[in-house]
Each structure stands twice: as structure tokens, then as C-alpha cells.
Protein chains: 2
Amino acid sequence: MNEGGAAIKPVTVYDIAREANVSVATVSRVINNTAPVKKSTRERIMELIAKHQFQPNALARSLYKKETGMIGVILPDITNPFFPEVLAGLDQEARSKGYTFFLCDTVSTNGDSAEQYVRESQYLSILMEKQVDGIVMIGGRINLAKPSKELIGEVVEASKRVPLLLINGNLPGEGMTRVYADELEGAELATQHLIELGHERIAFVGGYKHMSNTVQRIKGFVRTMERSGLQARKEWIMDGGFSVESGKAFMNRMLALPERPTAIFCANDLVAIGVMKAAHKAGIRVPEELSLIGFDDIPYASNSIPELTTVSLRCYDVGRHAAELLHQMITKSKVSKNTKIRPELIVRESTARPPARTETASESTIEIMLKNND
Amino acid sequence: MNEGGAAIKPVTVYDIAREANVSVATVSRVINNTAPVKKSTRERIMELIAKHQFQPNALARSLYKKETGMIGVILPDITNPFFPEVLAGLDQEARSKGYTFFLCDTVSTNGDSAEQYVRESQYLSILMEKQVDGIVMIGGRINLAKPSKELIGEVVEASKRVPLLLINGNLPGEGMTRVYADELEGAELATQHLIELGHERIAFVGGYKHMSNTVQRIKGFVRTMERSGLQARKEWIMDGGFSVESGKAFMNRMLALPERPTAIFCANDLVAIGVMKAAHKAGIRVPEELSLIGFDDIPYASNSIPELTTVSLRCYDVGRHAAELLHQMITKSKVSKNTKIRPELIVRESTARPPARTETASESTIEIMLKNND
DNA sequence: GTGAAAGCGCTAACAC
DNA sequence: GTGTTAGCGCTTTCAC
């Protein structure tokens with residue numbers, strides 16, 4: 001019964017022109033307001049347009065004008081709350097300039113990151129074929145600490161053909177235009193906060209050491225610790241994921257250790273939530289017995305109990321700046337290659353002074369922890 | 001220094017053809033594998049394509065072929081975790097069929113829903129002008145219990161021109177194709193669960209009564225209560241939002257009531273989280289003193305402490321089915337107009353048997369509640 | 001197996 | 001003010 005598709009045959013400028021007894025040029029002129037047209041004919045044409053609900057074919061227009069008003073966004077996983085936030089910023093700013101977005105999610109069905117990179121490559125091609133005015137990449141290969149030559153090459157090549165902007169990542173030495181949150185400063189902020197609270201035994205968990213953001217965060221952590229004469233212990237620096245699940249795993253690994261930290265700096269909020277859950281399960285109270293600080297300030301960070309202290313990467317602002325910059329690139333104005341956004345410490349409820357340290361108390365705590373750790 | 005834009009002048013089939021000493025037709029043939037070409041010339045052409053990194057202009061191709069491989073998705077707010085989930089499903093299925101997505105976020109900067117509808121209209125036009133192969137709408141006007149004639153008309157009109165699919169909403173009487181989660185059954189599932197746990201005093205909070213999803217959920221709630229001989233009290237049915245903030249407000253209103261329920265059915269998970277936070281602040285333990293059930297099963301539902309019992313609307317599946325269906329509409333096959341997805345009860349930790357009811361205990365609880373409620 | 005040419009729907013010189 | 005026409009880059013008959 002239902003034919004699904006559209007039935008109406010499309011109206012073109014020619015149809016309008018014919019019916020109005022003018023040439024297509026005149027129709028085009030009134031559509032685009034690109035030259036004066038006699039009032040009476042203009043009105044006649046307007047009426048026809050309304051009558052037929054004429055909508056100019058943007059494909060044809062773009063083909064001629066060589067601009068599409070489309071921007072492609074390549075990201076790793078729209079399901080990760082981090083990305084919608086930057087998308088929202090991007091959108092808000094770009095929308096006002098008349099752009100629409102291609103959403104290119106490179107999430108791999110099997111969790112294989114190689115697959116993710118081939119998808120990035122595919123989307124890069126597709127976007128260029130579709131003649132987008134610009135591309136923004138976020139996450140994925142541009143976050144690799146040591147991206148391969150091929151992975152780099154593709155992006156560099158693309159950036160020669162279309163304005164391309166990197167968010168929160170980099171291809172070192174390639175001079176790409178990028179806007180990014182200062183990971184290093186963020187990590188320092190977080191670590192400093194814990195130190196000021198009186199913590200000395202601090203762990204860092206989460207992320208992947210092969211990713212530059214993790215490297216940066218760890219670097220900021222270690223540096224700040226040392227600056228305060230504190231030691232960043234090897235066995236208290238764990239990587240292996242950005243997810244809630246990995247957070248739980250980290251905490252459970254922590255519980256098995258002979259000694260435990262009084263505070264944990266988590267590579268992102270998702271990990272922090274996982275840690276919090278595992279801690280809760282083990283009967284460890286946050287923040288009384290264990291302080292937790294996250295990273296990113298995703299919307300959910302303020303929804304947990306206790307609410308998560310974290311470092312805001314100001315994704316929304318990053319997104320807005322990115323859109324602004326990309327627009328400049330598209331309109332061929334000079335742009336500054338590096339736009340750094342300063343992160344912000346958001347103190348909520350998951351951090352507090354460390355518990356008073358009596359040897360017996362500490363030991364009994366460990367005992368309890370071990371018992372609860374299934 | 002940086003010119004931002006692309007510098008390379010684009011290569012066309014003509015360039016390739018000239019250099020290969022063939023006609024553009026032949027080039028086109030090897031690109032699309034649309035007719036046999038002598039092996040030697042094919043190889044020559046392939047080499048040239050690789051050498052120049054030639055990428056066919058999809059605009060031109062689409063202009064001729066009248067298909068773009070683009071699908072537009074109009075949604076209210078990408079920042080709401082509900083939507084990325086259905087997007088992911090949509091994407092996974094559509095990607096395999098070669099579609100790419102336009103993301104059209106209609107979020108209004110000032111929270112004005114009239115503005116949101118304007119944006120929906122704009123996007124509807126833009127998408128049609130850009131010649132998308134199909135459009136899916138989710139949220140916004142299609143969730144209105146009583147949408148205006150104009151609001152309806154635009155969508156119906158659009159659906160005559162391009163395959164258009166509604167997710168989790170409807171324009172009653174217009175015979176639109178849609179895929180949706182069964183709100184009614186979901187609400188029944190939730191209510192039934194609470195009743196089976198032994199609850200008799202159950203509240204429903206959240207949503208907007210002018211939205212059909214809320215109407216459905218309340219209907220399912222009331223119906224199930226009555227079916228069990230229980231009363232759905234007027235003062236325990238509150239609407240006014242789908243956000244965490246509104247959830248807090250609901251709980252605080254609840255605390256001010258002379259009598260309180262032992263369980264609350266929240267219109268969605270975000271509201272449930274808000275309720276949980278306010279309850280926690282008031283010193284009410286979930287689920288020991290108050291059972292909470294959410295709706296949607298957003299990713300965060302399993303991250304709260306306690307983890308949220310909820311009803312999964314199976315967004316991901318909804319998204320997948322939607323993509324499947326839209327593809328059928330695009331390829332002109334007959335499609336069933338209504339695809340209903342059955343929701344699923346997800347029992348986690350926020351629901352339990354109601355507290356033993358002794359008059360004194362109940363009263364002292366209320367006293368505490370009032371004290372803590374700032 | 002290959003080429004010539006028309007045409008997708010629009011815009012913008014360039015004439016008048 | 002308005003019309004004619006040449007593209008934009010591609011695909012596809014229809015000849016050969």
C-alpha cells in the first residue's frame with residue numbers, strides 16, 4: 001500500500017520561469033536577491049514559488065558555487081557523553097553561520113581500533129567527495145602518541161584539499177590547525193587540588209599510554225607531584241581504558257595492592273565513576289576514606305552521589321571556538337594555528353582531606369577492603 | 001601565513017580522460033565498474049586516478065543520479081543521552097548501506113520550544129533542498145499530544161516529497177510511517193514491578209502532560225494501578241520536566257507533602273537521578289526507604305549508586321529498525337507503517353520491597369525528611 | 001570496447 | 001530589468 005518514497009515530481013526553476021513567463025535568470029534573481037527585479041514580476045514569481053512549494057536544488061547550486069555549507073565531523077563514538085558536548089558547541093556556533101553537519105561516527109563494532117582508523121579514512125574520502133566546506137576531527141588517530149606515517153599522511157593530504165581542524169589532538173610537526181584543551185594544565189590543576197587537600201599518596205588511573213592525552217595527563221600529574229616533593233609511585237599509575245568498566249577494574253586492582261592511596265586522579269569522569277562504584281562496593285567511603293577526582297566534566301559528573309570533583313575541559317567552548325576557526329579557514333582568512341583552551345577545576349563532593357592516618361586504622365581498612373573485594 | 005583553505009585545484013574526470021587519451025565515458029566506466037573496459041586502458045586510468053588522488057565529485061553525481069546517500073536526522077538535543085543511543089543504532093545499520101548522516105539539532109538557546117519548532121521547520125527545508133534520500137524525526141513536535149495544524153502540515157507535506165520516518169512519536173491520523181517503543185507497555189512493566197514488590201503508594205513524576213509520551217506513561221501507570229485495585233493519587237502525579245533538575249524539584253515537592261509514597265515511577269532516567277539526589281540529600285535511603293524506577297535506560301542508569309532500575313526503550317534497536325525501514329522506503333519497497341518495539345524491564349538496585357509500615361516509624365521519617373529539606 | 005553528446009538544476013556573465 | 005547561454009562535474013544513452 002505504502003510506497004514509502006516521494007511521489008511529487010520536483011519543481012525546477014524552469015517550471016517556475018515558464019509559468020511566470022520569464023527566464024530562469026530572473027527566477028534565480030528573486031530567489032537569491034542578487035539583482036533588482038521589477039516588483040510586479042518579482043511578486044508573480046514569489047507566488048508561483050509558494051504555490052508549488054518550490055525548493056531550489058542545493059546540489060545544483062553547490063555544484064556551481066563550489067560551496068555546500070556542510071561541515072563534516074569525524075568522531076570516535078557519539079555515545080561517549082564527551083562528544084555530544086563539543087558537538088553542541090560546534091553546532092551552536094556553526095549554525096548561526098549557516099552550516100549543517102555530517103556526523104561521522106567511527107565507532108567500531110568489534111572494539112578494534114584498527115577498524116576505527118579505516119573508518120576514519122573512509123569518512124575523510126567520503127566527506128571530500130561530498131564537497132564539504134570543512135572537516136573537524138576529534139579523537140581517534142589524532143590522539144595517538146605515535147601515529148603511523150600512513151595515518152598521518154592521509155590527514156595531512158586531506159588538509160591540503162579542504163580546511164581541516166583538529167580538536168584536542170595533534171599530528172606533531174605537521175603544522176595542523178587545532179583547538180585543544182590544555183591537558184597538562186588540567187592534570188596539574190587536579191593534582192594540585194589533591195595535594196592542597198593534604199594528600200600525599202595519590203594514584204593515577206585510566207587512559208591509554210599510547211594516547212597523547214593520557215601521556216599529557218600523567219606528565220602533569222607526575223610533574224606536580226614532584227614539584228611538591230611527593231613521589232608518584234609506579235604501581236599507582238595504571239592505564240588501560242577510559243570506560244566505567246575499566247574504572248571498576250582499576251579500583252579492584254588497587255584493592256589488591258598491599259598499600260593504597262588516599263586519593264585517585266582518574267583519567268576521565270567515566271573512569272572515576274567506575275572507581276567510585278567499585279569503592280562503594282568494597283565499602284570504602286568517598287570522599288571520607290578515598291578522594292576521587294575526574295577529568296572532562298561530562299554532564300553526568302554532577303549527577304553522581306557524591307558529585308564528582310573534576311577538571312572541566314570546557315568542551316562546549318572548545319566546540320564553539322572550533323566552529324569559529326573553521327569558518328575563518330573556509331572563508332580564507334588567516335587563522336592562528338593553535339588555540340588553547342584553559343581547563344578549569346570544578347570542586348564538588350568527591351574530594352576531601354585524607355583520613356587521619358593511624359597505622360592500625362589503615363591496616364584494618366585494608367582488611368575490610370580485601371574482604372569485600374569479590 | 002596560513003591560508004586555511006585548500007590550495008590544490010580539483011581534478012576532474014576530464015583531466016583523467018585527457019591524460020589517459022580516452023573519453024570521460026570510459027573514465028566513468030572504470031570508476032563505477034559499470035561496463036567492461038579493456039584491461040590495459042582500465043589500468044592506465046586507475047594509475048592516473050591514484051596518481052592524482054582523484055575523487056569524483058559526489059555533488060555532480062548526485063545531481064544526475066538523484067540520490068545522495070544522505071539521511072537527515074532531526075532531533076531536539078544531542079546532549080540528552082537518550083538521543084546518541086538511537087543515533088548509534090541508526091548509524092550502525094545505515095552505515096552498512098552506505099548512508100551518511102546530517103545531524104540537525106534543534107535545541108533552542110533560550111529554552112523556548114517555539115524556537116525549537118521553527119528550527120525543525122528550517123531543517124526540514126534545508127534537508128529537502130540538500131536532496132537527502134530520507135529524513136528521520138525524533139522528539140520535538142511529533143511528541144506533542146496536540147500538535148497544531150501547521151506543525152503537522154509541514155511534516156506531512158515533507159513526507160510527500162521525501163521518505164520520512166518518525167521515531168517514538170506520531171502525528172495522529174496522518175498515517176505516517178514510524179517506529180516506536182511501546183510507552184504504554186513500558187509504563188505497565190514499571191508499575192507492575194513496583195506493585196509486585198509490595199508497593200501500594202506509588203507516585204509518578206516527570207515529563208510534560210502536553211506531550212504524548214508522558215500521557216502514555218501516565219496512562220499505563222494509572223491503568224496498572226487500578227487493575228490491581230490501587231489508587232493513583234492525583235497529588236502524587238507531577239509533571240514539569242525531563243531533566244535532573246526537575247527531578248530534584250519533584251522530590252522536594254514530594255517531601256513537603258503530608259504523606260509520601262514508598263515508590264516513585266519517574267518519567268525518565270534523568271528525572272530519576274534528580275529524585276535520587278534530592279532523596280539522598282534529605283537523608284532518605286534508596287531503595288530501603290524509597291523505591292525508584294526510571295525510564296529509557298540511558299547508559300548512565302547503570303552508573304548511579306544504587307544502580308537504577310528502569311525500563312529499557314531499547315533505543316539502539318529502535319534506531320536500527322528505523323534505519324532498516326527508512327532504507328526500504330528509499331528503495332521504494334512497501335513498508336509496514338507501524339513498527340512497535342517492546343520495552344524491557346531492567347531490574348537493578350533502586351527498587352526493593354517497601355519499608356515495614358509502622359505508624360510511628362513512618363512519621364518520624366517524615367520529620368527527618370522535613371528537617372533535611374532545605 | 002569506446003566516444004560524442006545530452007542533461008541533471010542551478011548561477012552568472014554578458015548581451016540587450 | 002530581463003533573456004541567452006555557458007558552464008559546474010558527472011553519468012548514460014546511443015552510435016560506432
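Below, chains carry the letters A, B, ... as their sequence lines are ordered, and counting in each starts from 1.
- Each end of the helix from C:dG1-D:dC16 to C:dC16-D:dG1 gets its own axis from five base pairs, and the two axes differ in direction by 40°, given to 10 degrees.
- Taking the side chain to side chain contact (heavy atoms under 4.5 Å, CB included) definition, one finds that A:Asn21 meets it with A:Arg44, sequence neighbours left out.
- Taking the six-membered ring wherever Trp is involved, the centroid distance between the rings of A:Phe102 and B:Phe102 falls below 6.0 Å.
- Within 4.0 Å of B:Asp15, counting heavy atoms only, lies no atom of the nucleic acid at all.
- A search for side chain to side chain contact (heavy atoms under 4.5 Å, CB included) contacts involving B:Ser40 returns B:Lys38, not counting sequence neighbours.
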With B for base contact, S for sugar-phosphate-only contact and - for none (protein heavy atoms under 4.0 Å), nucleotides 8-16 of chain C reads BBBBBB---
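- Annotation: side chain to side chain contact (heavy atoms under 4.5 Å, CB included) contacts of B:Lys97 (sequence neighbours excluded): B:Glu93, B:Tyr99, B:Glu324, B:His327.
- Residue A:Tyr316 forms a side chain to side chain donor-acceptor pair (under 3.5 Å) with just one option from A:Gln92, A:Glu85, A:His321, and that option is A:Gln92.
- First and last contacts of DNA chain D with chain A, using any nucleotide atom under 4.0 Å from a protein heavy atom and ordered 5' to 3', fall at D:dG1 to D:dG9.
- B:Glu19 has its side chain within reach of B:Lys51: a pair of non-hydrogen atoms, C-beta onward, lies under 4.5 Å apart.
- No donor-acceptor contact under 3.5 angstrom links the side chains of A:Asn57 and B:Glu129, judged on distance only.
- Under the side chain to side chain donor-acceptor pair (under 3.5 Å) rule, B:Glu154 has a single partner from B:Ser121, B:Ser125, B:Ser159, which is B:Ser121.
- For the atom pair CE of A:Met176 and CG of A:Leu171, the computed distance is 6.0 Å after rounding to the nearest 0.5 Å.
- When heavy atoms are screened at a 4.0 angstrom cut-off, B:Thr41 is found touching the sugar-phosphate backbone but no base atom.
- Side-chain atoms of A:Cys104 and A:Leu127, non-hydrogen and from C-beta on, do get closer than 4.5 Å to each other.
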